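Everything on this sheet refers to the single structure shown next.
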Number of protein chains: 2
Amino acid sequence: MSPQPPSTVTIRDVALAAGVHVSTVSRALSPDKRGLISEEVLRVVEEAAQRLGYRPNRAASALRTGRTHTIGVLVPDITNPVFPPILQGVEASAAARGYFVFVTNVMDPALARPVVERMLAQQVDGLVMAIAMRDDPLIDYLQKAGMHTVLVNRADESGRLPAVVSDDRLAMKLAVDHLVAAGHRRIAHLAGPQNVPTGVARRQGVEQALRDRGLALAAVAECESYSREAGRQAMAQLLAQNERPEAVVCCNDLVALGAYDLLRAQGLRVPQDISITGHNDMPLVDMVDPPLTTIRLPHRELGWRAAEMLFDEIEGKSLSASTVVLRPELVVRASTRRVP
Amino acid sequence: MSPQPPSTVTIRDVALAAGVHVSTVSRALSPDKRGLISEEVLRVVEEAAQRLGYRPNRAASALRTGRTHTIGVLVPDITNPVFPPILQGVEASAAARGYFVFVTNVMDPALARPVVERMLAQQVDGLVMAIAMRDDPLIDYLQKAGMHTVLVNRADESGRLPAVVSDDRLAMKLAVDHLVAAGHRRIAHLAGPQNVPTGVARRQGVEQALRDRGLALAAVAECESYSREAGRQAMAQLLAQNERPEAVVCCNDLVALGAYDLLRAQGLRVPQDISITGHNDMPLVDMVDPPLTTIRLPHRELGWRAAEMLFDEIEGKSLSASTVVLRPELVVRASTRRVP
DNA sequence: GTGAAAGCGCTAACAG
DNA sequence: CTGTTAGCGCTTTCAC
């Protein structure tokens, strides 16, 4: 018994069919107000709504209440495998709580502002942002606009907005400790873009972990983006510098794979000639040659938690923790060797 | 000079500031109606709107016009690397035309109906569906509901709805011809789920291509989903059947990788003991061991075209071609060998 | 070329 | 517990 698909049946039609006033229908169909309605009427209304295939018009209720039950998500690049699981987490939470999610790709940070403007016009109830830059003016803008926002993956260093992130410093410490324990000493870093919070946090994490072991960073090269091509280029730079490192901690998997590309082109073998670590444990890095030692993140949970925080805030349910830091873990595979 | 972020400035505020009536403001700010307004007034209104940071409330205009400038996209699983580029294409088109895109993961086909119901309630202007099943009743439902819909990736075999797809039969022909040209004769197929249009089309494509060469399908096993694990299981089944095939055409890359997994576990080498082909050319299959011979699809264009068709239909701009078929191409790598 | 007025469908006071 | 009333912000006749 599925309801009629077609037509536009409004609350008035239901009211007429049920022989009650529209406001009664509205109440009867509202989860928190249905307590005010008699059993009797409740039944009649629900039956009528069901029979007519009534679906409350969200645009109308949005206009009246100012709440659209929609949120926006801004990601830098959906094709980067880090984001789909985050999105999935966000969407799972949203679906469970009756929200829809606008997904937008913001490949160029300069385009973020217009996207946000459109989101505001669209009356979204909140935003999940995965594109924060360091000292991003967009964050001030969002706060002034009173838009509920939760950052994900990248936190704002000055803590202006709540965020759900992975512990980048710990991640790098895990990688460094693994390499040091395997006997490596000359350890270099392929750093992420230093205008992005994760880029600096990971670099600092590498440096700190090394210091803790009484070592210094052997060399470093900055990638201009978190991409395979950028990794290739940065690796070339690294190799052009003085002595070749024994191991390279990369800011992420794509960059590590770019390093693979360059090393192969130069006839160098991983891990015999050089050990490599990544970050993210994206799909298939267990199948590349050699399988990549990397850091696994709870991506889906990142998205889920960020969304939950956002909905709680939207619904005034709680003043949630300002920043949630999730724990990454090391996954040892075959791109790192133990020195004899 | 950026407009004020805060507050809720309405069309009335602009009208007041500009000293004109709200309807005049509405007209002045509407791209097609601004011709009706004098130069003079146009300037004044635009200046006022700019100064006050006016952003038309989409919920209000949606209620009035019935158009929300939003569409929904239904994908089976965002973490499947096929979909992000499709989504990106959809979103690029949407952004260019002033629409937002609701993205939903519909992992279980049984959940499609409720999602669609919510989309209808949300008043989306149209749908891009990547989750059509064979003889899907959802398609009838959408038509009866009068929802503008374009299918992508998977077409409806009875052509009830417009679709943008890749030529699955050609794709399989490319793979088969490549294997036959390389000297293979005993060719098997790891088929996709037969309740999904692509699953049957690809299987038929393999069979037809083989027939064209005067060969018969050596063996076939059906995967219960397009996943690595399903590929592993199906490959096990295939091997359990009589004589081992020389080559296996897989319904997609993930399945091919699952086949890799099983083969490796059994001590069989690709391509020395068996050649493997995939479909999709998803990221990183050029880096797995061995690099996968596969079929490349114009995924982004698939999404873009589907969205463009949808918007044209929504805006009554054209009665676009009912089905657009894009051309896949063969990418030869190292998972297929030439028999001596 | 511009103003006046009505109303999209719904919810939230306010009465009763 | 239920009905009445008003109005969210915008677009669109219909007048002038």
Side-chain angles (χ1 to χ4, degrees), chain A residues 7-46 48-49 52-70 98 118 120-125 315, chain B residues 7-46 48-49 52-70 98 118 120-125 315:
Chain A
S7 86
T8 322
V9 20
T10 77
I11 199 171
R12 291 193 46 173
D13 301 320
V14 179
L16 243 54
V20 297
H21 195 264
V22 290
S23 59
T24 306
V25 176
S26 174
R27 286 187 276 252
L29 267 26
S30 152
D32 18 299
K33 305 258 173 85
R34 48 175 298 150
L36 307 176
I37 303 291
S38 70
E39 278 299 322
E40 174 65 14
V41 173
L42 219 52
R43 260 212 344 280
V44 178
V45 170
E46 279 172 346
L52 300 178
Y54 172 64
R55 272 187 304 266
N57 181 327
R58 287 272 191 172
S61 106
L63 179 56
R64 182 63 235 244
T65 64
R67 299 270 323 280
T68 53
H69 291 272
T70 63
R118 289 179 55 221
L120 287 166
Q122 194 74 27
Q123 312 292 117
V124 297
D125 293 336
E315 292 164 7
Chain B
S7 85
T8 322
V9 20
T10 77
I11 199 171
R12 290 194 46 174
D13 301 319
V14 179
L16 243 53
V20 297
H21 195 263
V22 290
S23 58
T24 305
V25 174
S26 174
R27 284 187 276 252
L29 267 26
S30 152
D32 18 302
K33 305 260 174 80
R34 48 176 297 152
L36 307 175
I37 303 291
S38 69
E39 279 299 322
E40 174 63 15
V41 173
L42 219 52
R43 261 211 345 278
V44 178
V45 170
E46 278 172 347
L52 300 179
Y54 172 63
R55 271 187 306 265
N57 181 326
R58 287 269 190 175
S61 102
L63 179 56
R64 181 64 233 246
T65 64
R67 299 270 321 281
T68 53
H69 292 272
T70 63
R118 288 180 56 221
L120 287 166
Q122 193 74 25
Q123 310 293 115
V124 298
D125 294 335
E315 293 165 6

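From a predicted model like this one, the values you see are computed outputs, not experimental measurements. Proteins get letters first, then strands, A, B, ... in listed order; numbering begins at 1 in each.
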Between [X] and [N], is there a side-chain N or O to OP1/OP2 distance below 4.0 Å?
| X | N | value |
| --- | --- | --- |
| B:Thr24 | C:dT2 | no |
| A:Ser26 | C:dT11 | yes |
| A:Lys33 | D:dC1 | no |

Would you indicate which nucleotide in [options] comes nearest to any side-chain atom of [X]?
| X | options | result |
| --- | --- | --- |
| A:Leu63 | D:dC8, C:dC8, D:dC14 | D:dC8 |
| A:Thr8 | D:dC10, C:dC10, C:dG9 | C:dG9 |
| A:Thr65 | D:dT2, C:dA12, C:dG9 | C:dA12 |

Item to complete: Evaluate the side-chain proximity of B:Arg34 to B:Leu42: yes if any heavy-atom separation is below 4.5 Å, no if none is.
Response: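 Yes; the side chains approach each other to less than 4.5 Å.
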In this structure, how many angstroms lie between the [atom2] atom of [N] and the [atom1] atom of [X], rounded?
| X | N | atom1 | atom2 | answer |
| --- | --- | --- | --- | --- |
| B:Leu29 | D:dT11 | CG | C1' | 13 Å |
| A:Arg43 | D:dT2 | CZ | P | 12 Å |
| A:Arg34 | D:dC1 | CZ | P | 13 Å |
| B:Leu36 | D:dC16 | CG | P | 19 Å |
| B:Leu16 | C:dG3 | CG | C1' | 14 Å |
| A:Leu42 | D:dT2 | CG | C1' | 13 Å |
| B:Arg67 | C:dC8 | CZ | C1' | 15 Å |
| B:Ile11 | D:dT12 | CD1 | P | 11 Å |

Fill in: Salt bridge A:Glu40-A:Arg43, side-chain N to carboxylate O under 4.0 Å
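Yes, this pair counts.
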Practice prompt. Identify which one of A:Val44, A:Ile37, A:Val25 satisfies the side-chain contact (heavy atoms from CB on, under 4.5 Å) criterion when paired with A:Val20.
Written response: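 Option passing the side-chain contact (heavy atoms from CB on, under 4.5 Å) with A:Val20: A:Val25.
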Worksheet entry | Considering all heavy atoms, the nearest B:Leu63-A:Ala60 contact |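 For B:Leu63 versus A:Ala60, the nearest heavy atoms are CD1-CB, 3.6 Å.
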Fill in: A:Thr10 versus A:Tyr54, closest heavy-atom pair with distance
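Here A:Thr10 and A:Tyr54 meet closest at C-CE1, 3.5 Å.
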Which part of the nucleic acid, if any, lies within reach of [X] when heavy atoms closer than 4.0 Å are counted: base, sugar-phosphate only, or nothing?
| X | result |
| --- | --- |
| B:Ser38 | sugar-phosphate |
| A:Ser23 | base |
| B:Thr10 | sugar-phosphate |

Discussion item. Go nucleotide by nucleotide along DNA chain C from the 5' end; which of B:His21 and B:Arg64 gets its closest nucleotide reached first?
Written reply: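 Nearest nucleotide further toward 5': that of B:His21.
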Worksheet entry | Base D:dG3 to side chain A:Arg27, donor-acceptor N/O within 3.5 Å cut-off |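 Answer yes: a donor N or O sits under 3.5 Å from an acceptor.
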